[in-house]
Amino acid sequence: MTEHTPSPETLDAYFAPAVAATLEGLRAGTGGPFGATLVGPDGEIVVAVGNTVIKDTDISGHAEMVAVREACRKLNTLDLSGHVMYATCEPCPMCVGVMMWAGITTCYYASTHVDAGENGFSDVHLRRYLDGSDTSTLDMVHLESGREDCASIWTEFRALTS
């Protein structure tokens, strides 16, 4: 999957609102140094947001996550196919996951995860866990039996959606 890089004018138009939202949150003490703009297939800005981790006391309040949440509510859909994310910094694995779940296939970013790490926001432990090089940060234990209550959820789901 290869995308062409938008013109400098287009990049400016989409990154500027993300930077403004980020700086506003930083100055108000409600957000971290991350922002994102989500643009619809028609080129219109759907949302431009900053990180809300501090404001909401929500560790998942990363800018890309907030942008997807707000856009889904605003557009009343879970499918953001055709939308493009412009992130002030390289998205963490959680945000990459939410973009993929939402159908977003292109994300342009400026700063890297290395830049974030150098400023106290390292996600290297996540990246190492996901690539299998370090599993010491989280034990994932599959309970193979004894949880029939959990298994019954699938039966109920199939009955309600068929």
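- Counting heavy atoms from C-beta outward, Thr5 and Leu11 have side chains that approach closer than 4.5 Å.
- Contact of the Thr52 side chain with the Asp58 side chain is not registered, since no non-hydrogen atoms from C-beta on lie closer than 4.5 Å.
- Looking at His83 and Val39, their side chains never come closer than 4.5 Å, going by heavy atoms from C-beta outward.
- Hydrophobic clustering of Ile, Leu, Val, Met, Phe, Trp and Tyr side chains at less than 4.5 Å, counting indirect connections, unites Val66 with Val46.
- Met99 and Phe34 are members of different hydrophobic clusters when ILVMFWY side chains are connected at heavy-atom separations under 4.5 Å.
- Once rounded to the nearest 0.5 Å, the distance linking OG1 of Thr88 with CG of Asp115 reads 10.5 Å.
- Contact of the Leu80 side chain with the Val68 side chain is registered, since non-hydrogen atoms from C-beta on lie closer than 4.5 Å.
- Residues Pro33 and Cys89 are not in side-chain contact: their nearest non-hydrogen atoms beyond the backbone lie 4.5 Å or more apart.
- Atom CG of Asp123 sits about 15.5 Å away from atom OH of Tyr129, to the nearest 0.5 Å.
- Between the side chains of Thr155 and Ser152, no donor-acceptor pair is found at a separation under 3.5 Å.
- Under the 4.5 Å side-chain heavy-atom criterion for Ile, Leu, Val, Met, Phe, Trp and Tyr, Leu138 and Leu126 are members of distinct hydrophobic clusters.
- Listed for the Thr10 side chain is no donor-acceptor partner under 3.5 Å among the backbone atoms of Pro6.
- When all heavy atoms of Leu38 and Ala71 are compared, the pair lying nearest together is CD2-CB, 3.4 Å.
- For the residue pair Asp134/Ser136, the side-chain donor-acceptor check at 3.5 Å is satisfied.
- In this structure the side chain of Met100 never reaches within 4.5 angstrom of the side chain of Ile104, judged on heavy atoms.
- To the nearest 0.5 Å, atom CG of residue Leu130 and atom CE of residue Met94 are 12.0 Å apart.
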Applying side chain to side chain donor-acceptor pair (under 3.5 Å) to Asp131 and Ser133, what does each step give before you reach the verdict? CA-CA 6 Å; Asp131 74 10; Ser133 64; 2.6 Å; yes

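- Under 4.0 Å is where a charged nitrogen must lie from a carboxylate oxygen, and between Arg127 and Glu90 at least one such pair does.
- The hydrophobic cluster around Val19 extends to Leu23, Leu26, counting ILVMFWY residues whose side-chain heavy atoms fall within less than 4.5 Å of a member.
- Looking at every heavy atom in both residues, Ala63 comes nearest to Gly50 through CB-C, 4.1 Å.
- For the pair Met85/Thr106, no side-chain contact is recorded, criterion being any heavy-atom separation below 4.5 Å from C-beta on.
- Arg69 and Ser60 make their closest contact through NH2-OG, 2.7 Å (heavy atoms, listed as atom of the first residue, atom of the second, distance).
- Remark: Leu160 CG is packed, more than 12 non-hydrogen atoms of other residues, nucleotides or ligands lying under 6.0 Å away.
- Here Ile59 contributes atom CD1 and Met65 contributes atom CE; the two are 11.0 Å apart, rounded to the nearest 0.5 Å.
- Here the closest non-hydrogen pair linking Asn51 and Val53 is OD1-N, 2.9 Å.
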Worked check of ring-ring contact (aromatic ring centres under 6.0 Å, His included) between Tyr14 and Tyr108: CA-CA 10 Å; Tyr14 296 147; Tyr108 297 100; 9.2 Å; no

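- Contact between Ala87 and Pro91 at its shortest, heavy atoms only, is CB-CG, 4.3 Å.
- Put simply, the side chain of Cys92 does not reach to within 4.5 Å of the side chain of Phe121, judged on heavy atoms.
- Considering CG of Leu75 and CD of Glu70, their distance stands at 11.0 Å, rounded to 0.5 Å.
- Between Ser122 and His125, the closest heavy-atom pair is O-CE1, 3.5 Å.
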